[in-house]
Chemist: 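Attaching a single structure in structure tokens format; questions to follow.
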Amino acid sequence: MSLGFDLKLSMEQKLVMTMEMQLSVKLLQMSTYDLLTHINKELEENVTLEAKNNDDNESDIEFKKLIDFLKNNNTDSSSKEYKGNDEEVSPLNFVEAKKSLKDYLKEQVIDLEINKVEKKLCYYLIEDLNSSGYIEDDLSYIANKNNCDIRVVEKALSIIQSLEPIGIGARNLRECLKIQLIRKNIEDENIYIIIDKYLEEVSKAKYSYIAKELNLDLNKVQKYVDIIKTLEPKPSRGFFTGDETSYIIPDAIIKRIEDEFVIVMNDSVLPKLNINSTYSEIISTCEEKEVVDYVKEKVNKAMFLIKSIESRRQTLYSVISNILEIQNEYFLYGEDYLKPLTIKTVADNLKFHESTVSRAIKDKYIAIPSGRVVRIKDFFTNSLTGNDGEVSTYNIKRRIISIIENEDKKKPLSDSAICNILKNEGIEISRRTIAKYRDELNILSSAQRKRV
């Protein structure tokens with residue numbers, strides 16, 4: 001037996017993403033609003049980066065004080081920043097904050113003539129609301145948490161439930177719906193029984209079963225269901241709760257000049273970035289290596305950010321330009337002319353990787369000549385074969401909506417019947433695909449759409 005060491009050489013390919021490459025990819029898939037937030041953060045953290053030409057202010061900066069500042073802060077990349085007399089103002093400071101549901105409720109509580117304990121509990125309950133506007137914690141837990149009697153909590157809860165929007169402060173869906181009925185002065189006992197015991201049957205359109213169970217006329221049950229469907233299951237709807245995207249900023253605007261279209265990149269919402277010339281002077285004149293190294297690092301980071309933003313802009317412009325070329329008839333004549341289009345097609349046309357195109361269109365919007373703001377992603381649709389060639393799935397879904405809107409509500413069309421209608425129109429599609437598209441469109445099945 002021999003012991004020894006063998007030395008072997010092997011070659012392999014690896015793609016190693018540097019921090020800079022990762023940042024470039026991250027910026028590409030950011031929405032304009034997210035990019036604006038990121039730029040604002042970088043302006044706070046990187047002392048060498050500025051949002052406009054501040055040459056007029058250079059005389060205000062005391063060079064020696066600046067050196068001292070950098071020496072004392074060169075290990076900290078937080079939001080410390082040396083400023084002259086005029087501070088930079090973030091463009092985000094001018095974006096109006098959307099009033100939240102909790103703010104709206106607190107404003108109502110302020111004006112109520114209630115004692116301090118009740119007011120304190122009302123504020124507590126408001127903070128306890130989830131994104132749908134429901135109270136999540138058990139009342140006994142809230143009472144224990146606030147060192148008070150549960151009856152006081154119940155009183156505070158009744159106050160919250162009396163506020164706008166109607167249904168706020170409910171502990172579950174059933175209570176939410178019943179609060180709305182009470183506020184609408186609807187007193188019919190049967191509708192409350194249906195909400196308490198038969199909501200699942202309502203969702204499945206089992207109206208005959210409900211009528212038999214309650215010994216009611218089928219038409220009467222239908223009327224009760226119609227009332228229930230007018231109620232709001234999510235009372236927080238329409239208010240900012242922190243869960244939704246608050247702002248949509250179009251990344252580009254398509255303008256029509258006669259029969260030609262022009263792409264205008266929406267750069268005006270982003271600040272113009274450049275390197276503060278004062279820091280370039282530090283690199284060339286300062287003799288303290290520690291300070292120079294710190295400034296160089298910050299300058300390099302700022303330069304890469306500027307280059308990455310420009311690269312993002314060019315990539316996005318190329319993608320939009322190719323979409324505009326392919327979907328020209330859509331922009332000329334409307335949605336019926338949307339052609340099938342895949343990410344791979346655009347990637348091949350531009351000689352990009354598919355992931356690059358996918359990231360470029362993520363959370364991006366464009367304003368079109370009709371005045372609407374649409375997702376770039378919506379221009380990409382699969383296709384099925386029809387009499388006139390390939391038909392986009394987008395237009396097939398629109399046709400399904402049209403068929404269902406015009407059906408006999410007493411005898412709604414099954415998925416098989418819709419499938420046959422489309423096949424007669426020359427669109428080859430399976431019943432299963434119809435069911436899939438119907439689900440994606442949030443359209444109920446034929447049994448659930450049936451009306452008495």
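Please read these numbers as outputs of a predicted model, since none were measured by experiment.
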Chemist: Mind listing the closest non-hydrogen atom pair of Ile263 and Ala252 along with its distance?
Modeler: CG2-CB, 4.2 Å

Chemist: With a 6.0 Å cut-off on ring centres, are Phe331 and Phe379 close enough?
Modeler: yes

Chemist: Could you check Glu200 against Lys204 for salt bridge (charged side-chain N to carboxylate O under 4.0 Å, His left out), going step by step and ending with a plain yes or no?
Modeler: CA-CA 6 Å; Glu200 186 175 348; Lys204 295 177 180 177; 3.1 Å; yes

Chemist: Establish, from distance only, whether the side-chain atoms of Thr342 and Thr345 form a donor-acceptor pair under 3.5 Å.
Modeler: yes

Chemist: Decide yes or no on side chain to side chain donor-acceptor pair (under 3.5 Å) for Asn274 and Glu50, but give the supporting numbers first.
Modeler: CA-CA 6 Å; Asn274 61 283; Glu50 62 181 11; 2.7 Å; yes

Chemist: Could you state the interatomic distance from CD1 (Ile160) to SG (Cys122), rounded to the nearest 0.5 Å?
Modeler: 4.0 Å

Chemist: Within a 6.0 Å radius of atom CE on Met265, are there more than 12 heavy atoms belonging to other residues, nucleotides or ligands?
Modeler: yes

Chemist: Under 4.5 Å between any side-chain heavy atoms of Glu260 and Arg256, yes or no?
Modeler: no

Chemist: Hey, does the side chain of Arg438 reach the backbone of Ile443 with a donor-acceptor pair shorter than 3.5 angstrom?
Modeler: yes

Chemist: Under a 3.5 Å distance rule, please check whether Asn266 uses its side chain to pair with a backbone N or O of Pro250 as donor and acceptor.
Modeler: yes

Chemist: Dump the intermediate steps for salt bridge (charged side-chain N to carboxylate O under 4.0 Å, His left out) on Glu297 and Lys301, then the final yes or no.
Modeler: CA-CA 6 Å; Glu297 178 189 344; Lys301 188 176 180 182; over 6 Å; no

Chemist: I'd like to know if the side chain of Asn146 reaches the main chain of Cys148, judged simply by a donor and an acceptor atom lying under 3.5 Å from each other, with no hydrogens or angles considered.
Modeler: no

Chemist: Do Asn276 and Thr48 have side-chain N/O donor and acceptor atoms under 3.5 Å apart?
Modeler: no

Chemist: Under a 4.0 Å threshold between the charged nitrogen and the carboxylate oxygen, would Arg399 count as salt-bridged to Glu425?
Modeler: yes

Chemist: Would you please name every residue forming a side-chain hydrogen bond (donor to acceptor under 3.5 Å, both in side chains) with Glu164, sequence neighbours left out?
Modeler: Arg183

Chemist: If I take atom CG from residue Leu338 and atom CG from residue Asn395, how far apart are they, to the nearest 0.5 angstrom?
Modeler: 6.0 Å

Chemist: Run Asp34 and Thr37 through side chain to side chain donor-acceptor pair (under 3.5 Å) and show every step you take.
Modeler: CA-CA 5 Å; Asp34 289 338; Thr37 304; 5.0 Å; no

Chemist: Identify the heavy atoms of Ala447 and Ala205 that sit nearest to each other, and give their distance.
Modeler: O-CB, 3.4 Å

Chemist: For a 4.5 angstrom cut-off between non-hydrogen side-chain atoms, does Ser236 reach Tyr134?
Modeler: no

Chemist: Apply the side-chain contact (heavy atoms from CB on, under 4.5 Å) test between Arg313 and each candidate in Asp251, Leu270, Asp267; give the one that qualifies.
Modeler: Asp267

Chemist: Counting only N and O atoms by type, is there a donor-acceptor contact under 3.5 Å from the side chain of Asp128 to the main-chain atoms of Asp137?
Modeler: yes

Chemist: Does any non-hydrogen side-chain atom of Phe261 lie less than 4.5 Å from one of Pro369?
Modeler: yes

Chemist: Within the distance-only criterion (no hydrogens, no angle test), does the side chain of Arg359 pair as donor or acceptor with the backbone N or O of Leu28 below 3.5 angstrom?
Modeler: no

Chemist: Any sub-3.5 Å donor-acceptor pair from Arg312's side-chain atoms to Met30's backbone N or O?
Modeler: yes

Chemist: Of all heavy-atom pairs between Ala156 and Leu121, which one has the smallest distance, and what is that distance?
Modeler: CB-CB, 3.7 Å

Chemist: If you count every heavy atom of other residues, nucleotides or ligands that lies below 6.0 Å from Lys119 atom NZ, does the total exceed 12?
Modeler: yes

Chemist: So which of Val262, Ile323, Ile366 actually passes side-chain contact (heavy atoms from CB on, under 4.5 Å) with Ile254?
Modeler: Ile366

Chemist: Any idea which heavy atoms bring Leu43 and Ala51 closest together, and the distance?
Modeler: CD2-N, 3.8 Å

Chemist: Tell me which one of Asn322, Ile326, Thr381 satisfies side-chain contact (heavy atoms from CB on, under 4.5 Å) with Leu341.
Modeler: Ile326

Chemist: For the backbone of Cys176 and the side chain of Gln180, can you confirm whether one donor and one acceptor N or O come within less than 3.5 Å of each other?
Modeler: yes

Chemist: Answer yes or no: is there a side-chain heavy-atom contact under 4.5 Å between Lys145 and Tyr141?
Modeler: yes

Chemist: Measure from the side-chain N and O atoms of Lys364 to the backbone N and O of Lys362, and report whether any donor-acceptor pair falls under 3.5 Å.
Modeler: yes

Chemist: Between Asn300 (side chain only) and Lys296 (backbone N and O only), is there a donor and an acceptor less than 3.5 Å apart?
Modeler: yes

Chemist: Is the number of heavy atoms from other residues, nucleotides or ligands under 6.0 Å of Lys106 NZ greater than 12?
Modeler: yes

Chemist: Among Ile400, Ile401, Asn406, which one satisfies side-chain contact (heavy atoms from CB on, under 4.5 Å) with Ile404?
Modeler: Ile400

Chemist: When rounded to the nearest 0.5 angstrom, what distance separates CD in Glu325 from CD1 in Ile320?
Modeler: 14.0 Å

Chemist: Could you check whether any side-chain N or O of Thr315 sits under 3.5 Å from a backbone N or O of Ser311, counting only pairs where one atom can act as donor and the other as acceptor?
Modeler: yes

Chemist: Mark yes when over 12 heavy atoms from residues, nucleotides or ligands other than Lys397 sit less than 6.0 Å from its NZ; otherwise mark no.
Modeler: yes

Chemist: Checking side chain to side chain contact (heavy atoms under 4.5 Å, CB included) for the pair Leu231/Ile166: CA distance, chi angles, key distance, verdict?
Modeler: CA-CA 9 Å; Leu231 305 178; Ile166 302 175; over 6 Å; no

Chemist: Let me confirm one number: the CD1-CG distance from Ile228 to Leu181, rounded to the nearest 0.5 Å.
Modeler: 7.5 Å

Chemist: Is it the case that more than 12 heavy atoms not belonging to Glu127 sit under 6.0 Å from its CD atom?
Modeler: yes

Chemist: Check the pair Glu407 / Arg449 against salt bridge (charged side-chain N to carboxylate O under 4.0 Å, His left out), numbers first and verdict last.
Modeler: CA-CA 10 Å; Glu407 70 185 359; Arg449 297 197 306 274; 2.8 Å; yes

Chemist: Do Tyr330 and Tyr337 have their ring centres less than 6.0 Å from each other?
Modeler: no

Chemist: Kindly compute the distance separating CD1 (Ile39) from NZ (Lys41), expressed to the nearest 0.5 Å.
Modeler: 13.0 Å

Chemist: Kindly compute the distance separating CG (Leu305) from CG (Leu49), expressed to the nearest 0.5 Å.
Modeler: 6.0 Å

